[in-house]
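Basis for what follows: all heavy atoms, side chains included, without hydrogens, waters or symmetry-related copies.
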Amino acid sequence: MWVCGALCRARAPAQLGQRLLPESRRRRPASASFSASAEPSRVRALVYGHHGDPAKVVELKNLELAAVGGSDVHVKMLAAPINPSDINMIQGNYGLLPQLPAVGGNEGVGQVVAVGSSVTGVKPGDWVIPANPGLGTWRTEAVFGEEELITVPSDIPLQCAATLGVNPCTAYRMLVDFERLQPGDSIIQNASNSGVGQAVIQIAAALGLRTINVLRDRPDLQKLTDRLKNLGADHVVTEEGLRKPEMKSFFKDVPQPRLALNCVGGKSSTELLRHLAPGGTMVTYGGMAKQPVIASASQLIFKDLKLRGFWLSQWKKDHSPGQLLLPSRGADSGEDCHGGQPSKENKLWLQPDWAQILLPPLLAIGSAEPAMGHQASYLTSLGFSAI
């Protein structure tokens, strides 16, 4: 589900004024080199003043657009998705919470309208995405600091650009950071139709890895299975099918996975662990079932399985922009995690530049179809429609 078009069509019921503008951003003098007017203008934004049910606490407000300072960038938002983390932030149960009142949305793509006199990294017309979460993308326009933005190509699909900064990056880092996987190795994941899941499928295919993709049973299962296989999925099984004895025969023909990616928790994560190869790793990056991850003592003792967690925001805090980060947790030499130099055939090599370090996979693969999943209902409940 997408926010931007809905904002442009909806009526604003209330004013918020300058309460969302830091003091440093109010009444800034305009430089003669600015290509934007210094006169205040109004923008629309989805704002919450306290934590709670998004359908009850999020309101459409009119905000005053800050003047463009010397290191600032005026951005017109083109599209912004709704992710589970956006909802968690509004509810107040996420690892990173912005100061209230806050504009919702952590992800999206915008077009640069104007830049300050000292800005050198972007120019009017460029497409940009947030460098970090908490920027507040559910608005029609905003003024950001240059350091808060990353430029992306403007010739990729709009939906791909708007969903480039979180899910594909999470997928890529989990695939290369935790196990030294070789082409032909298998991985297993649940929530395979999620945004991260679809990115995992495509990136793994580009790296020569086989994917075992677990889904909940549903009426349109065959349609969804076909869609995931069109993206590059090797195998698609249901949660129920994963528990059947026939899976033993399945793993006679398919290598047991050394990496499991868990976004669900509960029984689903237990089943992933059950099928991991000895010494394998399960990485948890979400908990959609709101149930704990349970591992038996025998799995830890006799199979030496490893349980890890991943949060992209923490990963970015732990790594400086200038680092070449491909040889990360899964590697101990100058080679990458696939036993050699990154494949230029698949265009997954990295450059020592923040945008290229953070965003290589989907820029190169270019065929992603981002999935918004069940969170679409939240925007609908606020009375907005999709674009």
Distance, nearest 0.5 Å, that separates OG of S249 from NZ of K252: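 Answer for the OG-NZ pair, S249 versus K252, is 5.0 Å.
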
Who pairs with S154 by side-chain contact (heavy atoms from CB on, under 4.5 Å), at least two apart in sequence or on another chain? W127

Validation row: N193, L215 side chains within 4.5 angstrom (heavy atoms):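 Touching, per the 4.5 Å side-chain cut-off.
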
Reported CG-to-CD1 distance for the pair L259 and I188, which is rounded to 0.5 angstrom: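 Rounded to the nearest 0.5 Å, the CG-CD1 separation comes out at 10.5 Å.
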
Do side-chain atoms of R139 reach the backbone of G104 as a donor and acceptor pair under 3.5 angstrom? no

Apply salt bridge (Lys or Arg N to Asp or Glu O under 4.0 Å) to residues D226 and K229 and explain how you reach the verdict. CA-CA 5 Å; D226 293 342; K229 287 194 172 183; over 6 Å; no

Results of side-chain contact (heavy atoms from CB on, under 4.5 Å) for E146 - residues two or more places apart only: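 Partners of E146 by the side-chain contact (heavy atoms from CB on, under 4.5 Å) criterion, ordered by chain and then number, come out as V73, V119, T120.
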
Between Q111 and G125, the two heavy atoms sitting closest are NE2-O, 3.3 Å

Of N132, D86, T137, the residue whose pairing with N106 passes side-chain hydrogen bond (donor to acceptor under 3.5 Å, both in side chains):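 Only one option passes, and that is D86.
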
Which distance, rounded to the nearest 0.5 Å, do you find between the NZ of K316 and the CZ of R173? 12.0 Å

Using a 4.5 Å cut-off on heavy atoms from C-beta on, say whether the side chain of S186 contacts that of R258. no

Atom pair CZ (R274) and CE (M282), whose distance is rounded to the nearest 0.5 Å: 13.5 Å

Distance check, rounded to the nearest 0.5 Å: W138 atom CH2 versus Y48 atom OH? 8.0 Å

Short N-O contact, E59 and K61, less than 4.0 angstrom: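 Yes.
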
K306: what forms a side-chain contact (heavy atoms from CB on, under 4.5 Å) with it, not counting sequence neighbours? E179, T281

